Amino acid sequence: MCGIAGHVGIQKISDKSLNNCLMSMEKRGPDSYGYKFFKFKKKLVSLIHSRLKIIDLRDIANQPITINEFTIIFNGEIYNFKEIKKKLIEKGYTFKTNSDTEVLLKNFIDKKFESFSELEGMWAVAIWDDKNKRLILSRDRFGQKPLCYYKDESNFYFGSQINQINSLANKSFEINHKKILNHLSAGYRVIFKDDDTFFEKIKNFPPSHYAILKDNKISFKKYWNLKNTINKKIDYKSAKEKMIYLVNKSIKNCLISDQKISMMLSGGVDSNIIFQVIKKNYKLPFTACSVLDANSNYDESKNINLAIKNFEGNHLVVDNSEIIKKNFLEEIQSRVNFYSSPILTISSYVSSFLQKEISDNGLKVNISGVGADELFGGYYQHHIYFLNDMKNKKSFTKYFKSWKKNIFPIVRNPFLKNKNFIFKKKFYLKSLINNQVNPELNYYFKKEINYNFSEKKFSNLTMKNRMFNELFSEN
């Protein structure tokens, strides 16, 4: 990952504020630092970048990069940049670097705002158009790369993290107590239901959007919408072949790097598919990285050991027993200070120690299967939603028996073992979510918690609609 930050307005960014901003970006991009300033009328523009070198490790690929009147800072990776670059070369464009950043900027110069919908990857990007005196911001479809902003009457600030906005604006922001209450009452699922952050007046930039800031007025435009249609003509064999093709293509795109590759390997299906595809199809050295746990409820070593059998690469392991010895409150506090938000799940906390170990071993690229559960129905609750959709169909009995035999015995959450949820007609999803909130929490609050959980409408099918909500606003 890299770090981006910047400002447009009348406030002068002092050397101290700039240095504080760069220091806050150090963990995001320790390999190089760059910044560029512009002036027009009484306003100032700053673009600040910290780089983690992944593609084209030369200094010529450092940022900001300026071409004609456009200057870019970029965090992320564009997986189809080689295909885009080929098309641009055919149009007469030439390139000085092998980076996806230069391709990203020249594609924007060529197609302007239509270029964002062509991109495949994850990104948070800022482009200063010096001719038209405007700032363009864009974020990837699912908001994988962080981007937040703050605007007052005379200034606009943005950054990969809230810490950068604090530094540039040279101010502290009030805590968003409502956000904290919602999180404590309903968990991580509600964090991204809106654009609010855990600090008042600082907003998350919406995924699938670009924005234009001009004369301190900002306008947002959505560049991509989900095409939610079901192909009812495709047969199982064709669907399977298409899925295998897409999974292989996605993994191949993620392997584009001038650094060594590593990947998260658990006992789950998602990471094992990625591991086997890389091991069998690509002749490159890579490191598998795992967390092992002696607790039988979480021990995945059997599946991990099966996966790495005859594996000639390295296997990096972190033992959870060592993590437990850490001072939990101190470790949580350091992560909250870095992210300016709570740690959303215990798995995120545990994974952070593995990520540190990966970094300490000089590995800068790490692939994981995060998001697969939301795409492929990997949560136990998905079975309940599916059965609810199927309850009036002839095949329901077959699916219900399968769930009763294979899923019911291994589910520990009592609400996911409640068969009544399957047959509810209305508000069954809301009931399921709300009933998972621990009622004992009310003891610690002045008034009773009653979070009104809601979801956007993508589909008339309960399961499909739930998965889309997970993918777009709960992940």
Side-chain angles (χ1 to χ4, degrees), residues 1 3 23-30 52 146 161-163 175 180 183-184 187-189 191 198 259-272 274-275 286-309 311 313-373 378-380 410-413 436 438 440-441 443-444 475:
M1 60 185 177
M23 286 176 62
S24 73
M25 300 164 75
E26 181 181 7
K27 290 185 178 180
R28 300 195 64 86
L52 182 70
Q161 294 172 234
I162 289 174
N163 292 337
I175 292 173
I180 292 176
H183 174 240
L184 290 174
Y188 72 92
R189 293 185 183 280
I191 297 300
F198 285 92
Q259 297 277 13
K260 294 178 181 178
I261 301 289
S262 66
M263 67 151 294
M264 299 282 205
L265 177 64
S266 69
V269 175
D270 44 12
S271 67
N272 272 271
I274 296 170
F275 178 80
F286 73 99
T287 300
C289 311
S290 307
V291 175
L292 298 183
D293 199 319
N295 187 320
S296 59
N297 288 328
Y298 306 101
D299 181 21
E300 300 182 354
S301 59
K302 181 179 179 180
N303 287 354
I304 292 172
N305 289 332
L306 283 172
I308 63 172
K309 187 177 181 180
F311 174 52
N314 298 322
H315 187 209
L316 186 66
V317 172
V318 169
D319 195 319
N320 196 37
S321 62
E322 296 299 316
I323 298 176
I324 294 172
K325 295 177 184 177
K326 305 281 185 181
N327 186 310
F328 182 74
L329 290 179
E330 288 182 2
E331 295 292 344
I332 285 290
Q333 186 175 20
S334 70
R335 285 155 179 79
V336 169
N337 289 338
F338 180 76
Y339 291 109
S340 299
S341 73
I343 302 300
L344 302 186
T345 64
I346 193 65
S347 60
S348 300
Y349 173 76
V350 173
S351 293
S352 68
F353 290 94
L354 181 57
Q355 289 157 3
K356 184 179 185 305
E357 189 71 19
I358 290 168
S359 177
D360 290 345
N361 278 266
L363 298 166
K364 297 183 178 182
V365 178
N366 185 254
I367 301 170
S368 78
V370 171
D373 290 313
Y379 296 131
Y380 289 136
I410 59 177
V411 175
R412 287 176 295 194
N413 188 323
Q436 291 184 71
N438 188 349
E440 294 179 4
L441 280 175
Y443 174 80
Y444 300 97
N475 190 14

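Side-chain atoms are counted along with the backbone in the values below, which use heavy atoms only and exclude waters and symmetry mates. What you see is a predicted model; the values in this text were computed from it and never measured.
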Taking the six-membered ring of Phe338, is the NZ or CZ of Lys27 close enough (under 6.0 Å from the centre) and on axis enough (within 45°)?
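Satisfied, under 6.0 Å and within 45°.
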Would Arg335 and Phe353 count as a cation-pi pair here, with the cationic atom under 6.0 angstrom from the ring centre and within 45° of the axis?
yes
To the nearest 0.5 Å, tell me how far [X] [atom1] sits from [Y] [atom2].
X	Y	atom1	atom2	result
Leu292	His315	CG	NE2	6.5 Å
Ile343	Glu331	CD1	CD	10.5 Å
Leu329	Ser334	CG	OG	11.0 Å
Asp270	Ile274	CG	CD1	6.5 Å
Lys326	Ile323	NZ	CD1	8.5 Å
Asn305	Phe311	CG	CZ	13.0 Å

Closest approach of [X] to [Y] (non-hydrogen atoms, all atoms of both residues):
X	Y	value
Met263	Ser271	CE-O, 3.4 Å
Ile358	Ser262	CG2-OG, 3.8 Å
Val365	Lys260	CB-O, 3.6 Å
His183	Pro342	CE1-CB, 3.5 Å
Thr345	Tyr188	CG2-CD2, 3.8 Å
Ile162	Ser340	CB-OG, 3.7 Å

Within-4.5 Å side-chain heavy-atom neighbours: [X] and [Y]:
X	Y	result
Thr287	Ile261	no
Cys289	Leu265	no
Ser347	Val350	no
Ile367	Met264	no

Donor-acceptor pair, [X] side chain versus [Y] backbone, under 3.5 Å?
X	Y	result
Asn163	Asn337	yes
Gln259	Leu363	no
Asn327	Glu330	yes
Asp293	Asn295	yes
Ser290	Ser266	no

Decide yes or no on side chain to side chain contact (heavy atoms under 4.5 Å, CB included) for Phe275 and Ile308, but give the supporting numbers first.
CA-CA 9 Å; Phe275 178 80; Ile308 63 172; 4.3 Å; yes
Ring centres of Tyr339 and Phe198 under 6.0 Å apart?
no
Before you tell me yes or no, could you show the steps for Met25 and Gln161 under side chain to side chain contact (heavy atoms under 4.5 Å, CB included), namely the whole-Å CA-CA distance, both residues' side-chain angles and the distance that decides it to 0.1 Å?
CA-CA 8 Å; Met25 300 164 75; Gln161 294 172 234; over 6 Å; no
In sequence, state the C-alpha distance, the side-chain angles, and the governing distance for Ser348 and Ser351, and then conclude on side chain to side chain donor-acceptor pair (under 3.5 Å).
CA-CA 5 Å; Ser348 300; Ser351 293; over 6 Å; no
